[in-house]
Undergrad: 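Sharing a structure with you now.
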Amino acid sequence: MNNFGGITIPNFIGSLKTLRYLNLSGASFGGNIPPHLGNLTHLHYLDLSVSFGSSIESELHWLLGLSSLKCLNLGGVDLGKIANYWLQTVNMLPSLVELHLPTCGLSTLPLSLPLVNLSSLFVIDLSNNGFNSSIPPWLFNISQLVYLDLRSNNLRGRIPNGFVGLNLLQHLHLSLNSFIQGKLSRKNLGSLCNLRVLDLSFNQISGDLAEFTDSLPKCKNYSLESLHLGYNELGGFLPGSLGNLRNLKRLSLMKNPFVGSIPESIGNLSSLQEFYLSENGMKGTIPASLGQLSSLVYLDIKDN
């Protein structure tokens, strides 16, 4: 990374009309994002993440000139002063494939978007912002989504059934929201057969885990590798159907009120590398099948 010592982004960059790729991430610029960047009409990739040392007070209307933009990363740029209209502006970029706006001070996540113009999006990262709402329904109109990261916000409400329409989703991060509630079932997340990473830790998810895992065998090729459900309110017995998640590498179930013993089927998880089950209400003997987990590197079952 370069360090330009707080100077403003030079004007000549706006004259590079044929530029397709611009990465100024971590370069320690100062001032506002200059509107002349909107002259780069052929730009496909723009990364200004962690580029500015002070708050950004400029508007984002210059983005409207970037009709060819496919990837936008403003991670770490303080956009708090434009929190009320950031979505309307981004929604005017029809070619956008990746949107990265983590840690931008965006306190507003609108629940409605009359015309969703973001149907090409594969990646959305809005993590670590100050959202204080439920998960908005318009997200489920972006059917091409592969990666969705909404972790570390103040999102609340039940897990929407609208997730069932995101059939291509591989990564879903909703951890550290504290107020997301409801049960896991086939009606919301249990039918997402392409999921590789599911992180719902540090929320208020309740119910029986079997409602989720029992529905997964209906997927012909279920590819889940990481399942993080720690620090929730899941209860009951650990279901034997956990053993059907044969591609799992990381399983985190700590700090839930589970009871009973570890199911014998845990030995089917031959790819499992990390297993966290501490601080539950588990009893009984450790199944011999646990010794079959030849790939296991870390096991934590303390305080049960």
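The residues of the chain are indexed from 1 along the displayed sequence.
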Undergrad: Cluster question for you: counting only ILVMFWY and a side-chain heavy-atom cut-off of under 4.5 Å, with indirect links fine, are Met92 and Tyr85 together?
TA: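 Unlinked, Met92 and Tyr85 end up in two clusters.
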
Undergrad: Do the side chains of Leu209 and Leu253 get nearer than 4.5 Å, heavy atoms only?
TA: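 Yes - at least one pair of side-chain heavy atoms lies under 4.5 Å apart.
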
Undergrad: Nearest 0.5 Å, please: how far is CG in Leu74 from CH2 in Trp86?
TA: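 One gets 11.0 Å once the value is rounded to the nearest 0.5 Å.
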
Undergrad: Report yes if some heavy atom in the side chain of Gln273 is under 4.5 Å from a heavy atom in the side chain of Arg250; otherwise report no.
TA: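 Yes - at least one pair of side-chain heavy atoms lies under 4.5 Å apart.
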
Undergrad: Walk me through whether Ile205 and Ile159 qualify under side chain to side chain contact (heavy atoms under 4.5 Å, CB included).
TA: CA-CA 9 Å; Ile205 308 299; Ile159 299 173; 3.6 Å; yes

Undergrad: Report the distance from atom CG of Leu113 to atom CG of Leu118, rounding to the nearest 0.5 Å.
TA: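 Nearest 0.5 Å value for the CG-CG distance: 7.0 Å.
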
Undergrad: If only side-chain N and O atoms count, and only distance matters, is there a donor-acceptor pair under 3.5 Å linking Ser152 with Asn128?
TA: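 Side chains of Asn128 and Ser152: no pair found under 3.5 Å.
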
Undergrad: For Asn91 and Leu115, indicate whether the former's side chain and the latter's backbone hold a donor-acceptor pair under 3.5 Å.
TA: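 Looks like yes, one N/O pair under 3.5 Å.
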
Undergrad: Compare all side-chain heavy atoms of Asn244 with those of Asn268 and state whether any distance is below 4.5 angstrom.
TA: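 Side chain of Asn244 against side chain of Asn268, heavy atoms only: no contact under 4.5 Å found.
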
Undergrad: Could you report the tightest heavy-atom contact between Leu109 and Pro136, atom names first, then the distance?
TA: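 Closest approach of Leu109 to Pro136: CD2-CD, 3.6 Å.
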
Undergrad: Looking at CG of Leu234 and CG of Asn203, how far apart are the two atoms once the value is rounded to the nearest 0.5 Å?
TA: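 The distance works out to 10.5 Å.
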
Undergrad: Minimum heavy-atom separation for Leu277 to Ile262, with atom names?
TA: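 What the structure gives for the nearest pair is CD2-CG1, 3.7 Å.
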
Undergrad: Would a 4.5 Å heavy-atom cut-off, applied to side chains only, mark Ile124 and Leu139 as touching?
TA: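 Touching, per the 4.5 Å side-chain cut-off.
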
Undergrad: So, does Asp208 use its side chain to make a donor-acceptor pair with the main chain of Ala210 at under 3.5 Å?
TA: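 Present.
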
Undergrad: Can you confirm whether Glu279 sits close enough to Met254 that some side-chain heavy atom of one is under 4.5 Å from a side-chain heavy atom of the other?
TA: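 SC-SC contact between Glu279 and Met254 ruled out.
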
Undergrad: Donor-acceptor pair, Ser295 side chain versus Ser270 backbone, under 3.5 Å?
TA: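 Side chain of Ser295 to backbone of Ser270: a pair is present.
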
Undergrad: With hydrophobic residues grouped by side-chain heavy-atom distances under 4.5 Å, do Phe212 and Phe202 end up in a single group?
TA: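 Different clusters.
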
Undergrad: In the hydrophobic clustering (ILVMFWY, side-chain contacts below 4.5 Å, transitive), which residues join Tyr21, or is it alone?
TA: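 Via sub-4.5 Å side-chain contacts, Tyr21 links to Tyr45.
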
Undergrad: Measure the spacing between NZ of Lys187 and CD of Glu211 and express it to the nearest 0.5 Å.
TA: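 Interatomic distance, Lys187 NZ to Glu211 CD, rounded to 0.5 Å: 9.5 Å.
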
Undergrad: Can you tell me if Asn129 uses its side chain to pair, donor with acceptor, with the backbone of Leu101 under 3.5 Å?
TA: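 Checking the backbone N and O of Leu101 against the side chain of Asn129, a donor-acceptor pair under 3.5 Å is found.
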
Undergrad: Scan side-chain atoms only and decide if Gln204 and Gln181 contain a donor-acceptor pair under the 3.5 Å cut-off.
TA: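 Their side chains do contain a donor-acceptor pair, which is all the 3.5 Å distance test asks for.
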
Undergrad: Mind running side chain to side chain contact (heavy atoms under 4.5 Å, CB included) on Leu64 and Thr89 for me, showing each step along the way?
TA: CA-CA 7 Å; Leu64 301 181; Thr89 304; 4.2 Å; yes

Undergrad: Between Ser119 and Asn141, is there a donor-acceptor pair closer than 3.5 Å when you use the side chain of the first and the backbone of the second?
TA: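 No.
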
Undergrad: Between Asn177 and Leu150, is there a donor-acceptor pair closer than 3.5 Å when you use the side chain of the first and the backbone of the second?
TA: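 It does hold such a pair.
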
Undergrad: Taking side chain as C-beta onward, heavy atoms only, is Leu93 less than 4.5 Å from Leu99?
TA: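 They are not in side-chain contact.
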
Undergrad: Of the non-hydrogen atoms in Ser252 and Tyr276, which two are nearest, and what is the gap between them?
TA: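 That would be OG-CD1, 3.3 Å.
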
Undergrad: Is it true that a side-chain atom of Asn153 and a backbone atom of Arg151 form a donor plus acceptor pair closer than 3.5 Å?
TA: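 Yes.
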
Undergrad: Please confirm whether the backbone N or O of Asn167 pairs with a side-chain atom of Asn194, one donor and one acceptor, at under 3.5 Å?
TA: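 Between the backbone of Asn167 and the side chain of Asn194 there is a qualifying donor-acceptor contact (under 3.5 Å).
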
Undergrad: Quick check: closest heavy atoms across Leu111 and Pro137, and the distance to 0.1 Å?
TA: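 Between these two residues, the closest heavy atoms are O-CD, 3.3 Å.
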
Undergrad: Does Lys302 have any side chain to side chain donor-acceptor pair (under 3.5 Å) partners at least two apart in sequence or in another chain, and if so, which?
TA: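 Counting only residues at least two positions away or on another chain, Lys302 forms a side chain to side chain donor-acceptor pair (under 3.5 Å) with Asp300.
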
Undergrad: Please say yes or no: joined through hydrophobic side-chain contacts below 4.5 Å, possibly via intermediate residues, are Leu248 and Leu192 part of one cluster?
TA: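 Linked, Leu248 and Leu192 end up in one cluster.
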
Undergrad: Grab the two heavy atoms, one from Ser261 and one from Thr285, that are nearest each other, plus how far apart they are.
TA: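 That closest heavy-atom pairing would be CB-O, 4.4 Å.
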
Undergrad: Answer yes or no: are there more than 12 heavy-atom neighbours, outside Tyr222 itself, under 6.0 Å from its atom OH?
TA: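 Yes - once you tally the heavy atoms of other residues, nucleotides and ligands closer than 6.0 Å, there are more than 12.
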
Undergrad: Is there a path of hydrophobic side-chain contacts, each under 4.5 Å between heavy atoms, that joins Ile301 and Ile266?
TA: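 The answer is yes; both residues are in one hydrophobic cluster.
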
Undergrad: Are the side chain of Arg156 and the backbone N or O of Asn132 linked by a donor-acceptor pair below 3.5 Å?
TA: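 Confirmed, Arg156 side chain pairs with Asn132 backbone.
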
Undergrad: Backbone N or O of Gly75 within a donor-acceptor pair of the Asn73 side chain at under 3.5 Å?
TA: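 Such a contact is found between Asn73 side chain and Gly75 backbone.
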
Undergrad: Evaluate Leu195 against Phe163 for side chain to side chain contact (heavy atoms under 4.5 Å, CB included), listing each step before the verdict.
TA: CA-CA 12 Å; Leu195 266 185; Phe163 276 111; over 6 Å; no

Undergrad: Assess the residue pair Ile13 and Leu37 against the criterion (side chain to side chain contact (heavy atoms under 4.5 Å, CB included)); give the C-alpha distance rounded to whole Å, side-chain angles, the decisive distance to 0.1 Å, and a yes or no.
TA: CA-CA 7 Å; Ile13 291 182; Leu37 292 184; 3.9 Å; yes

Undergrad: Asn39 versus Lys17: any side-chain heavy-atom pair under 4.5 Å?
TA: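 Contact flag for Asn39/Lys17 side chains = yes.
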
Undergrad: Quick one: pull up CG in Leu184 and CG in Leu198 and give me the separation to the nearest 0.5 Å.
TA: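 If we round to the nearest 0.5 Å, Leu184:CG and Leu198:CG are 7.0 Å apart.
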
Undergrad: Below 4.5 Å, heavy atoms only, C-beta onward: do Leu66 and Leu40 meet side chain to side chain?
TA: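 Contact flag for Leu66/Leu40 side chains = yes.
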
Undergrad: State yes or no: do Leu46 and Leu126 share one hydrophobic cluster built from I, L, V, M, F, W and Y residues joined by side-chain heavy-atom distances below 4.5 Å, directly or via other members?
TA: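 As far as the 4.5 Å side-chain criterion goes, Leu126 and Leu46 are connected within one cluster.
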
Undergrad: If you group Ile, Leu, Val, Met, Phe, Trp and Tyr whenever their side-chain heavy atoms sit less than 4.5 Å apart, what else falls in with Val97?
TA: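 Grouped by the 4.5 Å side-chain rule, Phe122, Val123, Tyr147 form the rest of the cluster around Val97.
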
Undergrad: Measure across Cys104 and Gly76 and return the closest heavy-atom pair with its distance rounded to 0.1 Å.
TA: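 Shortest heavy-atom contact: SG-N, 4.0 Å.
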
Undergrad: What's the separation between atom OG in Ser175 and atom CG in Asp149, rounded to the nearest 0.5 Å?
TA: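 Ser175 OG to Asp149 CG: 7.5 Å, rounded to 0.5 Å.
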
